[in-house]
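Contents: one structure, followed by commentary.
Throughout, protein chains are lettered first and strands after them, A, B, ... in sequence-line order, and every chain is numbered starting at 1.
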2 protein chains.
Amino acid sequence: MPELTQNQIARLSRVSQATVSRVLRGDPRVNEELRQRVLAVIEKHGYVPDARAQSLRSLRSGILGLVVHRSPRRLASDPFFSALIAAIIEFAGKAGYHLCVDAARAIQSRRAIYEELLRTRRVDGLILVEPQTQDERMPRLLQEGFPFVLIGRYEPTDAVYSVDNDNVGAGRMATEYFIRKGHRRIAHISGPRGIFVCEDRHAGYRCALEEAGLGYSSDLVAWGDFSEEHGYRAMSRLLSLPNPPTAVVAVDDLVAIGALRAAKERGVCIPHQLAIIGFNDSPFCQYVEPPLSSVAVDIRTLAQMATDVLVKLIEGREVPQRRYIVPCHLVERQTT
Amino acid sequence: MPELTQNQIARLSRVSQATVSRVLRGDPRVNEELRQRVLAVIEKHGYVPDARAQSLRSLRSGILGLVVHRSPRRLASDPFFSALIAAIIEFAGKAGYHLCVDAARAIQSRRAIYEELLRTRRVDGLILVEPQTQDERMPRLLQEGFPFVLIGRYEPTDAVYSVDNDNVGAGRMATEYFIRKGHRRIAHISGPRGIFVCEDRHAGYRCALEEAGLGYSSDLVAWGDFSEEHGYRAMSRLLSLPNPPTAVVAVDDLVAIGALRAAKERGVCIPHQLAIIGFNDSPFCQYVEPPLSSVAVDIRTLAQMATDVLVKLIEGREVPQRRYIVPCHLVERQTT
DNA sequence: TTGTAAGCGTTATCAC
DNA sequence: GTGATAACGCTTACAA
């Protein structure tokens, strides 16, 4: 109801509207007396500038966009995203930005969404999560010179600003950990091919095996999706092998839980007959039976760096590197 | 780079800028030939209207705000919110709106955030989650006539538009379920006093007990917070009672898991010596051991109704009721 | 130091 | 039907 404008504040303070604007923007050239008068009126009436007008004029909306690739259904049950969103809200807020979240459902709507957010200039910059090996958005965004940061990876690596877990390192870390514990047959249940996260963790897994002279066999690798069901099926198959693995690196905690279920159903003793490790250190890891070991990715730091880089890009400040890597660490529980 | 405006499209199509606007808004009065010409140019150059200018002029930003009360830390690990956010994104998107999420951390920043979102007119309307018994924002929002919907409850009930679980009904449902199963000593581990969700579920619990003639005893009720730790401590205390309960209604799944842990540590057999039920049917319920029974709240419907009501309010369409109740249902697993 | 005025890119109301 | 033209509320030269 107090549909206040600078004009009204100006009239009430008996100054020009430009002066009100100057006071608000902290322009040092305004007389102290006037400034006080204006501030008093602003305070008294609770005036707040209209963000719409500000963004039109200043070409800044004060909003960051976060676009995730998952269907709302998958988003709903994925703890990674709630943690990510929460952390980005936190850091964006500290930098004076709001966060607008969009989910790019189907492939065809993806283009629509980024067009929407980008071309309408509704947001000042974009954080993109989980880019795919072939991501049609990158060239467009690059060509437009629009500020954006990837959480994940894109090739060529130096083409874009990105923040990422050390996924290759994490895959290697989990595998080497098993090797150190004496395992010789180590399987890997991965996600979809073409997703960098999966390809990278798989590469780390393979590397560790080959460096230890254990050899890599595609029989011990199961590609699929990120579901518990996939973990269950893949584990069932692996356990039916003539020479089943004694340890499994699962690409995700949910997948690991599926694997765990398959093993428990067959009476396999965990961790003695079969060791399992997941990724992400999801909150539920400590609640499953037995509590699931997991490679923790530092989501908060990931969010902080991504937000920080994006804000710097938007505000034209210098960003020293193109790519930032956040280390993972292994959380040992009862399944390894 | 193609920093296109209607003006440029107009020049390229050799029409006036007003005509371009009319074509875009689907004004029927434009000559078919001109319309085609304009549309061709728009298509060719990939023009999209500037949302900032549109919102300034039309007084609509096309953005809904979601404000949650939790600290980013608690937000990060709460599956309720990821599900809620995901669903709201979905339904807002279908209605042509984006979603801006803000977390109101400390009490004092709460006021700042709603001022920010509301008075700057950055969003067209607000969805507020978990209002408290004393919520200083309500009077302000009401007074401003700003469109907003509550997910939760506020008194007087008819003062605001709200969508809610049937929390009283749910508390009663869980308790009656235990009574039907023959339990006589049924405890309740609740959350903080003054949170409607907790007060309501507690009221339903109490009601069911009294109607069944079992009597209500505050010894069997533990108020606290929403943490696993609280569940653990409360359960430990309850189990030390001279006459411990045989069934527990926990206000939240996480609290239930804490209770479960306390019971398992003491060698209490579940569900035979002690039955436990949680609330929310969180994704991890099926992964704990034994799988946790839970009263499921229909988050997707909650989100859908809230979004639907809010969009109607914003667009000036009629909203038949002030308050909408979404029923809960009981998901029976191995702890009951 | 302050006021005047020109946009920012739309939408919508006029005349023609 | 179509084209000028006046807002929307703000920022920022430019004038005074």
Quiz item: Any side-chain N or O of S21(A) less than 4.0 Å from the OP1 or OP2 oxygen of dT11(D)?
Solution: yes
Quiz item: Could you give the CZ-to-C1' distance, from R52(A) to dT11(D), as a whole number of Å?
Solution: 17 Å
Quiz item: If we only count heavy atoms from C-beta on, is the L141(A) to V160(A) side-chain gap below 4.5 Å?
Solution: no
Quiz item: Less than 3.5 Å between a donor and an acceptor, one on the side chain of R57(B) and one on the base of dA12(C), is that the case here?
Solution: no
Self-check item: Distance, rounded to the nearest Å, where N7(A) contributes CG and dG9(D) contributes P
Solution: 9 Å
Practice problem: Tell me which nucleotide among dC10(D), dT2(D), dC8(D) gets nearest to the side chain of T5(A). | Solution: dC10(D)
Quiz item: Reckon L34(A) touches a base, only the sugar-phosphate, or nothing at all at heavy-atom distances under 4.0 Å?
Solution: sugar-phosphate
Self-check item: Within 6.0 angstrom of R73(B) CZ, more than 12 heavy atoms from elsewhere
Solution: no
Practice problem: Pick base, sugar-phosphate or nothing for Q6(B), based on heavy-atom distances below 4.0 Å to the nucleic acid. | Solution: base
Practice problem: Could you check which of dG3(D), dT2(C), dG9(C) has an atom nearest any side-chain atom of A53(B)? | Solution: dG9(C)
Quiz item: If you check the A18(B) side chain, which of dT10(C), dT2(C), dA12(C) turns out closest?
Solution: dA12(C)
Quiz item: Taking OP1 and OP2 of dG1(D), is either one under 4.0 Å from a side-chain nitrogen or oxygen of R22(B)?
Solution: no
Quiz item: V15(B) side chain: which of dG3(D), dG9(D), dT2(C) is closest?
Solution: dG3(D)
Quiz item: Using a cut-off of less than 4.0 Å, is there contact between a side-chain N or O of Q17(B) and OP1 or OP2 of dA4(D)?
Solution: no
Practice problem: For R60(A) and dC8(C), give me the distance from atom CZ to atom P, rounded to whole Å. | Solution: 17 Å
Quiz item: Below 4.0 angstrom from OP1 or OP2 of dT12(D), is there any side-chain N or O of R25(A)?
Solution: yes
Self-check item: Sugar-phosphate, base or nothing in reach of S58(A), heavy atoms under 4.0 Å
Solution: nothing
Quiz item: Would the number of heavy atoms belonging to other residues, nucleotides or ligands and lying under 6.0 Å from CZ of R37(B) be above 12?
Solution: yes
Exercise. Would you give the length of the straight line joining atom CZ of R22(B) to atom CG of L34(B), rounded to the nearest 0.5 angstrom?
Key: 10.5 Å
Quiz prompt | Spacing of I9(A) atom CD1 relative to dC10(D) atom P, expressed in whole Å | solution = 9 Å
Practice problem: Would you mind reading off the distance between D27(B) atom CG and dG1(D) atom C1', rounded to a whole angstrom? | Solution: 9 Å
Practice problem: Figure out the CD/P separation between Q8(B) and dT10(C), and round it to whole Å. | Solution: 9 Å
Exercise. Nearest whole angstrom, please: distance from the C1' of dA15(D) to the CZ of R29(A).
Key: 12 Å
Quiz item: Choosing from dG9(C), dT1(C), dC10(D), which nucleotide comes nearest the side chain of D50(A)?
Solution: dC10(D)
Quiz item: Just to confirm, is there a sub-4.0 Å distance from OP1 or OP2 of dG3(D) to any side-chain nitrogen or oxygen of S16(B)?
Solution: yes
Practice problem: State whether Y47(B) places a side-chain N or O below 4.0 Å from either non-bridging phosphate oxygen (OP1 or OP2) of dG9(C). | Solution: no
Exercise. Would you mind reading off the distance between R14(B) atom CZ and dA4(D) atom P, rounded to a whole angstrom?
Key: 15 Å
Quiz item: Can you check whether V101(A) reaches I88(A) side chain to side chain, under 4.5 Å on heavy atoms?
Solution: no
Quiz prompt | Greater than 12 external heavy atoms within 6.0 Å of E43(B)'s CD | solution = no
